[in-house]
Amino acid sequence: MEKEKITGSEALLRTLIAEGVEYIFGYPGGQAIPLYDCLYDYEDKIKHILVRHEQGATHAAQGYARVSGKVGVALVTSGPGATNTITGIADAMMDSTPMVVIAGQVPSPLLGTDAFQEIDVIGITQPITKWAYQVRKPEEIAWAVSRAFYIASTGRPGPVVIDFAKDAQVGWVEYEYKKVDFICSYQPVPEISSASVAEAAGLINRAKKPFALIGQGVILGNAEKEVRELLEKADIPAGSTVLGLSALPSGHPLNKGMLGMHGNVGPNRKTNECDVLIAIGMRFDDRVTGDLKSYARQAKIIHFDIDLSEIGKNVPVDVPVLGDAKETVAAVTKLVEEARHTEWIQSFEPHEREENTKVIEKELAPADGPLKMGEVVRKVSEAVNDDAVLVTDVGQNQMMGVRYFRYKQTRSVVTSGGLGTMGYGLPAAIGAKVGAPRRTVCFFTGDGGLQMTIQELGTVMQENLAVKIIVLNNNFLGMVRQWQELFFRKRYSATEMKNPDFVGIGRAYGIPGKAASTREELDEAIREMIAADGPYLLVANVEESGMVYPMVPAGGAITDILMGDETKKED
């Protein structure tokens, strides 16, 4: 039977539908017009979200992927359209976010001629993707797109780029979709070693002071249930990386808080006291480990990971357990004996009390004075019953957000981890709301990060997305100012900001809002924000000199923790 002939653009759309795509975040342009023209006929099957900048398309695709567990899709044109996606692609690579970016390209006969809006997309993106491929013939489309989704979503997830020449978009092809689910040179999930599983279980069974580190790999692998069963059976306290937060509910008795530079005191100090350290789906980032020479030297280390390249990359590992965490953790749990480590778990309590007295109480319940960042975050969290999606930008707002927001269910934290991308938050919040329409999305940002992608308020307006935007406005690039105060003799170079009327800008986009400088104004504005059916912009004018504590200075030992009561370090 003769196969149906369709254009390359239609072949792309049909393949996207076959791969389960429901939403595309994008921005049209000359070399992508055939794709958009075809999309016009598929509006009932794929919803296109028009962003205001191509970087916004990638971050929105990331936010969508992070809350939904699906592959995010961005569609842009060639030249500057493609280069504007680079930051988002790099961010997705660092944070293992499944994303497919489709970029229009000049017709293949013009490749290499420096044609208008031609750029070497493959050469630029290969170092920051799992796979980058240029489609020059319509016959390649079904195969390349399905392969892209397979690579992006399997193993350790990540971004894939397809560079789509214009003549392939308009050419005709006998279309046949074939799902790609195997690539001979690509093994997304390593085989599980029964010897490693047994060795890991043996170490855990002999441990007197076990401690688990929960990373985003637990969430990416849908292994939250399996990890909780391991922790509860063996009575193992746990700390989380920033991206691993929400894998365990905030209120779980074995959840001891966040690890790292601005993490909780107990988890950081106990890392250097435990006898067995169990890392699950995390990569021992420098923000978690601090000085590697003093990191967990006393502990036997078990590392669960799907990516062989992470084993021993930063920290020597005694027992690597390669494979899908959902399977490997369950396999170890079967061999683990029930245990109680009451005294060890209770030993976290003095550190919790110290942090509570020196830091948390001052941040959440100040006697008077200006609003504190932490109290704003906690009040919003309480207003949504600790059951919303937290999205942050990068900086002090990010650290305060992840420290003081609380979570009841998984996939509740969307933030830029490895790359630390200012401007990430607003488009990511858009994607998060599209990906989880029935969940409340609370987006915390600083006055600096918001202005990097503030144009995406237009996307919020056009789609009427009920994103709750909270600006922690301190008129500074707060995190840089904090470092300048602590380590550069208070020389505040290029960090003070003169800001616009954010509430007025929101109203210009049809988004209601209020500014709050007092606690009474804040409480009223939060009530109004939560009651609003659509988007809302709350500007909390917080103290300009606010600091995020605890803090481990860069390059310091994970136990060298500043609590805010020390003599300020001079450069």
Side-chain angles (χ1 to χ4, degrees), residues 15-16 18-21 61-62 64-66 68-73 89-102 122 125-133 140 142-162 177-197 200 214-227 241 243-244 247 279-284 302-313 317 319-332 410-411 417-418:
T15 307
L16 291 178
E19 292 291 336
V21 174
Q62 287 178 274
Y64 173 84
R66 292 274 283 273
S68 70
K70 301 176 182 178
V71 177
V73 180
I89 294 169
D91 194 288
M93 190 67 176
M94 291 284 281
D95 287 352
S96 302
T97 303
M99 179 171 70
V100 172
V101 176
I102 301 165
I122 302 302
T125 60
Q126 270 186 333
I128 53 171
T129 55
K130 286 188 72 178
W131 187 54
Y133 186 77
E140 300 175 298
W143 165 85
V145 174
S146 184
R147 182 183 174 102
F149 276 81
Y150 177 61
I151 292 173
S153 61
T154 56
R156 181 178 182 173
V160 170
V161 167
I162 297 180
Y177 168 74
K178 288 184 179 179
K179 175 71 174 174
V180 173
D181 56 11
F182 173 77
I183 301 172
C184 63
S185 59
Y186 173 58
Q187 185 181 5
V189 182
E191 290 185 14
I192 299 173
S193 165
S194 57
S196 293
V197 167
I214 308 302
Q216 188 192 200
V218 173
I219 297 170
L220 294 173
N222 300 307
E224 298 91 340
K225 175 177 175 289
E226 288 75 15
V227 167
T241 66
L243 297 185
I280 310 176
M282 54 88 71
R283 57 189 179 87
F284 290 108
I302 303 168
H303 191 177
F304 291 82
D305 211 287
I306 201 167
D307 186 353
L308 177 61
S309 70
E310 289 297 340
I311 302 298
K313 184 178 79 175
V317 173
V319 182
V321 185
L322 281 168
D324 186 331
K326 192 173 184 68
E327 297 177 4
T328 56
V329 172
V332 169
T410 190
R411 295 189 179 271

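Note that this is a predicted model, so its numbers are computed, not measured.
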| Set of residues satisfying side-chain contact (heavy atoms from CB on, under 4.5 Å) with respect to Ala90, sequence neighbours excluded | Ile128, Leu419
| note | When every non-hydrogen atom of Ile162 is compared with those of Ala148, the smallest separation belongs to CD1-CB, 3.7 Å
| Taking it one step at a time, do Val160 and Thr129 satisfy side-chain contact (heavy atoms from CB on, under 4.5 Å)? | CA-CA 5 Å; Val160 170; Thr129 55; 5.8 Å; no
| query | Taking only residues two or more places apart in sequence, or in another chain, which ones meet Lys179 in a side-chain contact (heavy atoms from CB on, under 4.5 Å)? | reply | Glu19, Ser146, Tyr177
| field | Glu224: salt bridge (Lys or Arg N to Asp or Glu O under 4.0 Å) partners, not counting sequence neighbours | value | none
| message | Donor-acceptor check, side chain of Ser196 to backbone of Pro320, threshold 3.5 angstrom: yes or no? | response | yes
| message | If the condition is side-chain hydrogen bond (donor to acceptor under 3.5 Å, both in side chains), which residues does Tyr150 pass it with, not counting sequence neighbours? | response | none
| request: Measure across Ala61 and Met99 and return the closest heavy-atom pair with its distance rounded to 0.1 Å. | output: CB-SD, 3.8 Å
Side-chain atoms of residues 304-312: list all donor-acceptor pairs with protein atoms under 3.5 Å, sequence neighbours left out, distances to 0.1 Å.
from   : atom 1 : to     : atom 2 : distance (Å)
Asp305 : OD1    : Asp307 : N      : 2.9
Asp305 : OD2    : His303 : NE2    : 3.4
Asp307 : OD1    : Ser309 : N      : 3.0
Asp307 : OD1    : Ser309 : OG     : 2.8
Asp307 : OD2    : Arg156 : NH1    : 2.8
Asp307 : OD2    : Ser309 : OG     : 3.0
Glu310 : OE1    : Lys313 : NZ     : 3.1
Glu310 : OE2    : Arg156 : NH1    : 2.7
Glu310 : OE2    : Arg156 : NH2    : 3.4
Glu310 : OE2    : Lys313 : NZ     : 3.1

| query | Which atom pair, heavy atoms only, marks the closest approach of Leu220 to Pro157? | reply | CD1-CD, 4.0 Å
Which donor-acceptor pairs under 3.5 Å do side chains of residues 183-190 form with protein atoms, sequence neighbours excluded?
from   : atom 1 : to     : atom 2 : distance (Å)
Tyr186 : OH     : Lys130 : NZ     : 2.9
Tyr186 : OH     : Thr154 : O      : 3.1
Tyr186 : OH     : Thr154 : OG1    : 2.8

| said: Which heavy atom of Tyr64 sits nearest to which heavy atom of Gly72, and what is that distance? | reply: CD2-CA, 4.0 Å
| remark: Between Val71 and Ala152, the two heavy atoms sitting closest are CG1-CB, 4.5 Å
| note | So CH2 of Trp131 and OG1 of Thr125: to nearest 0.5 Å the spacing works out to 11.5 Å
| task | Take Leu322 and Thr328, measure what side-chain contact (heavy atoms from CB on, under 4.5 Å) needs, and give me the verdict at the end. | result | CA-CA 7 Å; Leu322 281 168; Thr328 56; over 6 Å; no
| note | Correct closest heavy-atom pair for Ala92 and Gln62 would be N-NE2, 3.3 Å
| query | If we only count heavy atoms from C-beta on, is the Asp91 to Thr97 side-chain gap below 4.5 Å? | reply | no
| field | Under 3.5 Å donor-acceptor, Glu226 side chain and Ala325 backbone | value | no
| request: Show your working on side-chain contact (heavy atoms from CB on, under 4.5 Å) between Val218 and Val329 and close with a plain yes or no. | output: CA-CA 10 Å; Val218 173; Val329 172; over 6 Å; no
| query | Taking the side chain from Arg411 and the backbone from Arg66, do they hold a donor-acceptor pair closer than 3.5 Å? | reply | yes
| field | From Ile214 atom CD1 to Ile219 atom CD1, the distance as rounded to the nearest 0.5 Å | value | 9.5 Å
| Thr15 and Trp143: CA distance, side-chain angles, deciding distance, side-chain contact (heavy atoms from CB on, under 4.5 Å) verdict | CA-CA 9 Å; Thr15 307; Trp143 165 85; over 6 Å; no
